[in-house]
Each structure stands twice: as C-alpha cells, then as structure tokens.
There are 2 protein chains.
Amino acid sequence: MDSQPGRSVTSKVLALLAAFSPASPALTLTELARRAGLPLPTAHRRAAELVAWGALERGEDGRYRIGLRLWEVGSLAPRGLGLRELALPVLEDLYEVTHENVQLAVRQDLELVFIERIAGRHAVPVLTRVGGRFALHATGVGLVLLAYAPTEVQERVLAAPLERYTDLTITDPRQLRRCLAEVRRVGYAVSDRQVTMDALSVAAPIRAADGVVAAISLVVAHDRADPLALAPLVQAAGRVLSRALGAPNRPAPGRVPLPPRHGTQ
Amino acid sequence: MDSQPGRSVTSKVLALLAAFSPASPALTLTELARRAGLPLPTAHRRAAELVAWGALERGEDGRYRIGLRLWEVGSLAPRGLGLRELALPVLEDLYEVTHENVQLAVRQDLELVFIERIAGRHAVPVLTRVGGRFALHATGVGLVLLAYAPTEVQERVLAAPLERYTDLTITDPRQLRRCLAEVRRVGYAVSDRQVTMDALSVAAPIRAADGVVAAISLVVAHDRADPLALAPLVQAAGRVLSRALGAPNRPAPGRVPLPPRHGTQ
DNA sequence: AGCCCGGCTTTCATTGAGTGAAAGCTGCGG
DNA sequence: CCGCAGCTTTCACTCAATGAAAGCCGGGCT
C-alpha cells in the first residue's frame, strides 16, 4: 500500500480517482491519501491539480468529490452513455410492456457494470445502481455476459471462489459451466433467486459485429414470473439492439451454429 | 503546442483525456498526441497506462476511446449522475404534463453543461446532448445560471464577446445585464428564439443550501409557446428539487422576495 | 482565555520516473 | 519488391516529483 519507488505518477493520479466509490463519494484529504496509498503531501499536490482541471471538486467542507468535468469526459465512453442513448428507447418499450425492472449491463474484466436501469414503481426492488458493479455468476445479465465472454475470462471466473448470495446461487464451478452451456444453447439466461430470494431475472445478449457486447434483462418477482414467456420479449429487445449495433443479421440469434455439439469451448 | 518543461505529468494525463470530444470520441495515437500537445512517445506511454487502468480503451482499429472505468468514476460526480437521479422523476412529471423537451443543466466555469434531457418525440428538435456544453448567455437555463452566478463570473461573461446564434440573441452586454436583472426579479428566464429561430425556452433555478446549483427548463416551439403559462410549471419543478436539495424554505429567491404572486407552493 | 490536537499546507534538498531523439517495427499500397 | 505512415521501443539525461519535517489553522477542552 505504501508508495514504493516504481510507482508511476499516472498510477497515483488514477489511484486518487479510484479512491471514490458509491459508498463514499466524498473524501477528506486524509481519507483520500490513505485509500490511494499515498503520502499526504503527494495526495495533496496531485489532488490540487485534479481540482484545478475539474476532475475533482472541493466542497465547502474541504472534502473532495468527483468533478463535473470528469463526468463530462466519462460520458464520451462508447460503452457508457453512448450505449445507453442507443438502448434507452428499447428499454422503455420493454418497460411499457411489462412494467418490470429493465437493466442494461456490460462486462468489465471479471465483473459487470450496470449502464442503465428503469425501475418500475411497483416492481421488485433491486439493489443495482447505474454505474455500479456486480459479480458475473449470479444475475441474469451476468450469466449472459459470462456465457459469451472469451474462454480466458470464463476460466478466471470459474477458478475464483464464487460468492454465495442466496441458497440458490450457483457456487459450484462445474454446475456453472453447465449453466453457461445452456445459456449459449437457448440464447438467454434465467437467474432464479440467485441474487435475492424474491427476484428472478431473464436476460439476453446484445451483439455488435465482434460478438456479445452487452446484456439486457427483466427482473421480476419470482412468484409471478414466467421465464418462458418473458424470454422472447427480452431476446427480441436484444436483437433490435444488436441490429442497431451492426451485428451480422443472421448470427444464429440464440447461439452459435446448431451442430449436435453442446459444450462449445 | 510543444510540451515545454514545466508541464506536470498530471497535466499531460488530463490533456489526453481532454483530447476527446463529442465530435471525436475515437482517436488514433497520432491525433491524440497532437490534440494533447504531446510528443508521440510520451502520449503512447501515458495512454498505455490509461488503457491498462481502464480510463481509455483501445479498439480493434487501434483507436483510443474513453473507457468504461472512467465512466464509472465519472458517474460518482454529485453534480452529474447524482443530480440526475434526484431530478429525473420531476423531469418526467414535467414531461408528462407538457410533452415538450425538458432540460437540466449546471454551470461549469463560463459555460453550462447539460446533465439530462427528455426529448419529446413530437417536440421541437433541440441541439443539446447530455454531457454537452453551451454558452450561458443564450439559452433559458443559461440565463438562469448566469443570473444567479457569482458577480465575478457574470463580469467575465459580460466582458467576453457574446456569440450570436440568431438575430434575437442578446449580444450587447448592457442589454444582457438588464435581462439578468429581470430574471432575478421574476425568478425565471425566457429565451425567445435566442438559440434557434424555432424554439423558445422557459427556465427556473434549482437551489441548494448555498444558492443556485442548477437550472431546469422547458423548450417549446416558439409559435405555440405561452411563457407566462409555462413559467409556474417550471418554477414549481425547480422548487420541488430545491427542497430536495435542502434549500432554505423561504430563501430570498436570489434577490427580492417574490411579489405577492399566487400559489406560494 | 490559553492549550492541544488533528488535519491540512508549504518548504527544501534529493532522486529516479519521465523524457524525446532516434532507431526499429509492421502492414499496406504502389 | 520498395517506401511510407503510423506505431513501438531504446537509451542516456534531467527536471518534476517526492516525503520528512516544519509551519499553520481551527475548534474542542481545561
């Protein structure tokens, strides 16, 4: 944690940014320095530069917060606001039809990041936050993103311990492997009470020219859920978006070809 | 343009981020280096570090784009996503009632930044983009933000040449000064064809404990507009949000306590 | 009031991370 | 086959960054 020589300035600047989280979006200099693993004067100087540029802002209370300028730049991320803008009308359609929670997520490394969420007032409460992260092995969107991720990513997820959220969370790598194969076979994923005991989600992939780039899902109360009825809806939304993203028109919508082989990869 | 000694590493990293814009969200290394004013090898090294962290991403085509990780961090900006989350229900209400464009903006230095926009399908097309910037002296939100900005900011805006967008754009500092005084007096701003010849906008301030922090507006076709009818709506929305942000309940509205206007709300 | 303490800011001599010119790649078009 | 444009790597030099230590400030306690 201490700034042993060999640490680049850039990494220190990034560590300062990474110190912020949804749980603590405002930090004093001391907290900031500790979280970034930097000596106080160093944190002070770099933070001052970030404030001058607008990447951070400093409140009346002396606390640092993420600055608007960084939000502006971040909004240029194609997989962030770009994807959201494209997808929003489709998400809204899906919401109109179902009045359930609609979610849009992409994979980042070994986790997923929620890009957008439309929360029905009467829908099951979900714990997700736009910009928030979650594990790949439990949610509907996560299973889809994992199922179509590069083998290397899958192996790394399978190798690590799989956190348990409920009694139904899949924590056995072998079982997860089977589940992912099934997702690829049918072209959608169902997560039944694997995150919370009241919710079930159905998710489908969104493809661009180079494969699956995002996933869309509906989250509903598990006891009024009919996954088989919801799947076509979610898949259709996924396909609309895939087309908009320039996915090849007949990329076996649900899955790779259909030869009698299940365990692709 | 050349990186004269005296330039901090941090400033170079930030220059790399600032090189991206809505008009060019994907850059080759050479473009990136040129825009950031950095020698190629320097840009290359810093960019590589940013990619490793996730602040930038590099596509198949070798171009750099803003990375999802930066979007995530940016989404922690209180004046960005934070404000948006808070305001969205109110914006939606306003949209439901009017089916016109609804905009939410904050001031950043001498410009405004759009935080959210709800575009009615049948509403006048507007040129704004979430995350985009605009001058303060023309739009409704801009006039509000300027009217309640610190004197020093107002003076700097008034001192600079005021860009003309249409024949009705206010470009005379003296006239603008009068206009701002009027905004403070009545508590809302009207921009009638000052940005485009087909649109009119009505905007109201949003206050927190420490003054005006944002503005909300309706943008309508100028020929079906009745500013006097829209103003109370927009102001009411502004007040709801002000209360949510902890503005004092009877906050000498920017200047003069409102004259005996109806609905105190 | 005076004191103390924690958190922040500034100073200053030291040093290694950062630098850019130049030389190597690599892939494409002629 | 060659040449060119755009990218990547090398290498010796140097100045931006560093952190220990000292100063500063405010507010809680005696």
Side-chain angles (χ1 to χ4, degrees), chain A residues 1-21 23-67 70 78 209-210, chain B residues 1-21 23-67 70 78 209-210:
Chain A
M1 207 55 36
D2 69 329
S3 57
Q4 74 282 46
R7 191 105 121 72
S8 74
V9 175
T10 308
S11 79
K12 292 174 192 171
V13 169
L14 295 174
L16 286 174
L17 299 183
F20 295 87
S21 67
S24 44
L27 301 172
T28 66
L29 179 59
T30 309
E31 288 169 332
L32 191 53
R34 191 173 42 73
R35 287 182 182 234
L38 296 176
L40 214 97
T42 300
H44 181 245
R45 278 181 294 233
R46 303 280 69 84
E49 263 189 293
L50 292 172
V51 168
W53 187 82
L56 297 182
E57 289 174 3
R58 198 159 194 192
E60 303 284 306
D61 54 359
R63 281 160 189 271
Y64 293 89
R65 282 157 237 269
I66 296 294
L70 203 66
D210 53 344
Chain B
M1 202 58 36
D2 68 331
S3 56
Q4 77 282 44
R7 190 104 117 80
S8 73
V9 175
T10 307
S11 79
K12 292 173 194 172
V13 169
L14 295 174
L16 286 174
L17 299 183
F20 295 87
S21 68
S24 43
L27 301 171
T28 67
L29 179 58
T30 310
E31 287 170 333
L32 190 53
R34 189 175 43 73
R35 286 180 183 237
L38 296 175
L40 215 95
T42 300
H44 182 246
R45 278 181 295 234
R46 300 293 121 249
E49 263 190 292
L50 291 173
V51 168
W53 188 79
L56 297 182
E57 291 175 1
R58 197 157 194 192
E60 303 283 306
D61 55 0
R63 280 160 190 271
Y64 293 89
R65 281 157 238 269
I66 297 293
L70 203 66
D210 52 345

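Convention: sequence-line order gives letters A, B, ...; per-chain numbering from 1.
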Kindly determine whether B:R46 and B:E49 satisfy salt bridge (Lys or Arg N to Asp or Glu O under 4.0 Å), including the steps that lead there.
CA-CA 5 Å; B:R46 300 293 121 249; B:E49 263 190 292; 2.3 Å; yes
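- B:R58 comes within 4.0 angstrom of sugar-phosphate atoms only, judged by non-hydrogen atoms across all strands, and of no base.
- Remark: P of D:dA5 and CZ of B:R34 are 16 Å apart, rounded to the nearest angstrom.
- The phosphate of D:dT18 (OP1 or OP2) has a side-chain N or O of A:K12 nearer than 4.0 angstrom.
- Taking five base pairs at each end of the helix from C:dA1-D:dT30 to C:dG30-D:dC1, the local helix axes there meet at an angle of 30°, rounded to 10°.
- We find that CG of A:L40 is positioned 13 Å from C1' of D:dT18, with the value rounded to whole Å.
- In this structure, CG on A:L70 lies 15.5 Å from CZ on A:R65, to the nearest 0.5 angstrom.
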Please step through side chain to side chain contact (heavy atoms under 4.5 Å, CB included) for the pair B:S21 and B:R35, ending with a clear verdict.
CA-CA 11 Å; B:S21 68; B:R35 286 180 183 237; 4.2 Å; yes
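- A straight line from CD of A:E49 to C1' of D:dA16 spans 10 Å, rounded to a whole angstrom.
- The line from OG1 of B:T10 to CG of A:L50 is 6.5 Å long, rounded to the nearest 0.5 Å.
- Atoms NE2 and CG, from B:H44 and B:L32 in turn, are 11.0 Å apart once rounded to the nearest 0.5 Å.
- The side chain of A:T30 places no N or O atom within less than 4.0 Å of a non-bridging phosphate oxygen (OP1 or OP2) of C:dG7.
- The CD-C1' distance, from A:E31 to C:dC8, rounds to 13 Å in whole Å.
- Relative to the side chain of A:Y64, the nucleotides C:dT9, D:dA16, C:dA21 differ in distance, and C:dT9 lies closest.
- A sub-4.0 Å separation between OP1 or OP2 of D:dG19 and a side-chain N or O of A:T42 is present.
- The CG-C1' distance, from B:L29 to D:dT9, rounds to 13 Å in whole Å.
- Side chains of A:R45 and B:S8: a donor-acceptor N/O pair is absent below 3.5 angstrom, by distance only.
- You'll find a donor-acceptor pair under 3.5 Å spanning the side chain of B:R45 and the base of C:dG20, going by distance alone.
- Here the side chain of B:P39 is nearest to one of C:dG7, C:dG20, D:dT8, namely C:dG20.
- Among the protein residues, A:R46 comes within range of the sugar-phosphate backbone only, with heavy atoms under 4.0 Å from sugar or phosphate atoms but none that close to a base.
- In terms of position along DNA chain C, the nucleotide closest to A:G62 lies nearer the 5' end than the nucleotide closest to the other residue of the pair A:G62 and B:P41.
- Between A:H44 and C:dT9, a side-chain N or O to OP1/OP2 separation shorter than 4.0 Å is present.
- D:dC7 atom P lies 11 Å from atom CG of B:L27, rounded to whole Å.
- Contact annotation: the side chain of A:V9 never approaches that of B:V13 to less than 4.5 Å [non-hydrogen atoms, C-beta and beyond].
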